[in-house]
2 protein chains.
Amino acid sequence: MSITIEELARIANTSVATVSRVLNNKPGVSEKRRADIKKLAEQFGYSPNILARNLVMKKQHMLGYIVSSLSNPAYIDFFHRIESSCRAQGYQVLIADSEENVKLEKQHIKAMLEHRADGLLIFPVADDHSSAGHRHFLDLQLRKVPFVLLGESGGYNFDYVTSEEIESSGVLARHLLELGHRRIGVVGVLPGNRCTEQRLEGVTRVLERESPEAAKILRRADGEKEDWIPEVCSWFKYPDAPTALITMNNGVALRLYRPLEEVGIEIPRDVSMVSFEDDFWTELIRPSLTTSVPNNAEVARLAFETLRERIKDPEAPPIGHHIPQTFIRRESSGPPRPEQK
Amino acid sequence: MSITIEELARIANTSVATVSRVLNNKPGVSEKRRADIKKLAEQFGYSPNILARNLVMKKQHMLGYIVSSLSNPAYIDFFHRIESSCRAQGYQVLIADSEENVKLEKQHIKAMLEHRADGLLIFPVADDHSSAGHRHFLDLQLRKVPFVLLGESGGYNFDYVTSEEIESSGVLARHLLELGHRRIGVVGVLPGNRCTEQRLEGVTRVLERESPEAAKILRRADGEKEDWIPEVCSWFKYPDAPTALITMNNGVALRLYRPLEEVGIEIPRDVSMVSFEDDFWTELIRPSLTTSVPNNAEVARLAFETLRERIKDPEAPPIGHHIPQTFIRRESSGPPRPEQK
DNA sequence: CTGTTAGCGCGTTCAC
DNA sequence: GTGAACGCGCTAACAG
């Protein structure tokens, strides 16, 4: 498929050592030979065999990026940021998608280890952020594999970087309280999913502290897929319907737009809606969505940096970072209808 | 980081050959030793060094997938399909994102070649589907690197698989004609982008054949980013405004929703809108979008198969495939207002 | 059945 | 400045 360093040496009437020196821009070769060999390499389309090189160098300059779901645009955004940092430092990034499947996640970790990646950046699958779901990371830590989790550490003492969820979620709740909402509903919590659970916790904490009566009547429609659609719609059959909804992500919010409209509920006139995450369509739809958006740039930067530190010093104590989110007010949230209470 | 096959052999009081045999499930080892060695390998957390293995095997069981933009959900969809086919056959897939940048594309190709991928699946960057933009693929072909293009072959004789654009685009045009539209606008054509150019061609062909008067007054708002927004809006200041718009993809369509509404134009009452591609929000927004959706599943399947064939026989003549799209009628298209014509 | 050995392509001493 | 020789971890003959 491509010639080897040895063939090149033969063609250039020299030894592999010399060729290797010029290929790696190392000193100790006369300028003339250097130029000659470079020309020959170009001419014969020489392509170094990275495998052989890495095998002897025992350094891959390669990081693994394992993500719970590539369908999530945020993770792609992440990847771009991380990759450009890496490229700047001569690192390559291997991507893998676990498709929210722990088994696949483990499989990918194994594969990357076999490929001798220097370190791993992992968005653990969201299904199971319990300590059980994180047990396989313990193995990694024991084996001294440098890795950092993007998300919670599941109670273990791992390196991790994550978006701050509780405070940020509280901001959304406070926003609704300030607008005058008291009857609030939370939609799309996935039991067992740490991220949504924290968002819920952020809401309840603020409510309990700042408006106990609102906390008491907080409603929830949880579950997978779109199970919550009929439940949420049913709330609006009664006079004590919520005047504001907090959805666990933009997808959940958008999926409610049409069903609500069909039962005669208008946003934000009849109900306010606030959400999490950021997508290009968030401000294009009507009404545009008020959201709390994670600071991906900073999370990515810190994750990469943390991994570099870990690679440098495998013995240092693990550290965790929480990055605050940004609140963006848009059209979907407003004061409750006066006549409604 | 992990023990080697040699250390394992020493621990098990045997030779590397035997260990290698059990690790690869090859015959010629007594059941007892096999079990012993497997246990030991497990116990010591042995992880094979794929680099060393591939170096000697000269087979990576690894494909490269280079895509013009990972931000496009369709390409992720693709990746999933291709990857699952690959995994089923013991192949791994390396992803790379060229971010619509030819330079990056070349860089990634180089990297994958250096990693000795067995073959490449490439979505060329869309900016330049001219023959100049495809010249670097000629090098690949000359070097006998197995690769297949996802998209047009730019006039060269390469393997490629692509969504059929011209006929499919014609279906949208015909749909509008049948609804009674005659004043039609095309939005979002990127000059130099083969895909959008073909979609435009599909429209004009049908119009010229089936309604020459409509073809004559066909309008266009081309360009990058969102340049076309003010232009499209300005059309509606005059009585001869288009009654239907064909946008080059869902993003373009969605970006027009609000601006049109702001100038008092309602979809589909005042103007019908039809588009291309498929996104989860396409049927969730209001009004839901009538689109022509590419058959990704089939394209992915065929691309993978074509690559396998190419790897098997590097000398066979290249072949191209065009996969028809599916038309999906939704709410955004309807008959023109009677009073308008 | 089992062990010995020769490379795979490359970077790196260490002599010349 | 230059080249011969060794070893990275592994597979595949080949010989017992």
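In what follows, every chain begins at residue 1, and chains take the letters A, B, ... in the order their sequences are listed. Just so you know, these numbers come straight off a predicted model, no measurement behind them.
Spacing between atom CD of A:Glu6 and atom C1' of D:dA5 amounts to 12 Å, rounded to whole angstrom units. Taking atom CG on A:Asn13 and atom C1' on D:dG3, their separation rounds to 13 Å, with Å as the unit. The interatomic distance linking A:Arg34 (CZ) with D:dG1 (P) rounds to 10 Å, in whole Å. Distance A:Arg10 CZ to D:dA4 P: 13 Å, rounded to the nearest Å.
The shortest distance between side-chain heavy atoms of B:Ile109 and B:Ile66 falls below 4.5 Å. Considering only heavy atoms from C-beta on, A:Phe79 comes within 4.5 Å of B:Asp97 through its side chain.
Positionally, the nearest nucleotide of DNA chain D for A:Ala17 lies more toward the 5' end than for the other of A:Ala17 and B:Arg21. With the nearest nucleotide of DNA chain C identified for both B:Ser30 and A:Ile3, B:Ser30 has the one nearer the 5' end.
Heavy atoms from other residues, nucleotides or ligands lying under 6.0 Å from CD of A:Glu42 number 12 at most.
DNA chain C is contacted by B:Leu55, B:Val56, B:Lys58 of residues 35-62 of chain B, taking any non-hydrogen atom closer than 4.0 Å.
Taking a cutoff of 4.0 Å between a charged side-chain nitrogen and a carboxylate oxygen, B:Lys110 and B:Glu114 qualify as a salt bridge.
In summary, the side chains of A:Gln89 and A:His61 do not present any donor paired with an acceptor at a separation below 3.5 Å, with no hydrogens or angles considered. Between the side chains of A:His322 and A:Glu165, no donor-acceptor pair of N or O atoms lies under 3.5 Å. Counted by atom type alone, A:Asn25 and A:Lys38 present one or more donor-acceptor pairs between their side chains at under 3.5 Å.
Here chain B contacts DNA chain C (any atom closer than 4.0 Å to a heavy atom, that is under 4.0 Å), and the contacts span C:dC1 to C:dG9 from 5' to 3'.
For A:Ser15, no side-chain nitrogen or oxygen approaches OP1 or OP2 of D:dA4 to under 4.0 Å. One finds no side-chain N or O of B:Thr4 lying less than 4.0 angstrom from the OP1 or OP2 phosphate oxygen of D:dG9.
Taken from CZ in B:Arg87 to CD1 in B:Ile82, the straight-line distance is 13.0 Å, to the nearest 0.5 Å.
Residue A:Asp36 is tested with A:Arg34, A:Lys32, A:Arg33 for a side-chain hydrogen bond (donor to acceptor under 3.5 Å, both in side chains); the sole match is A:Lys32.
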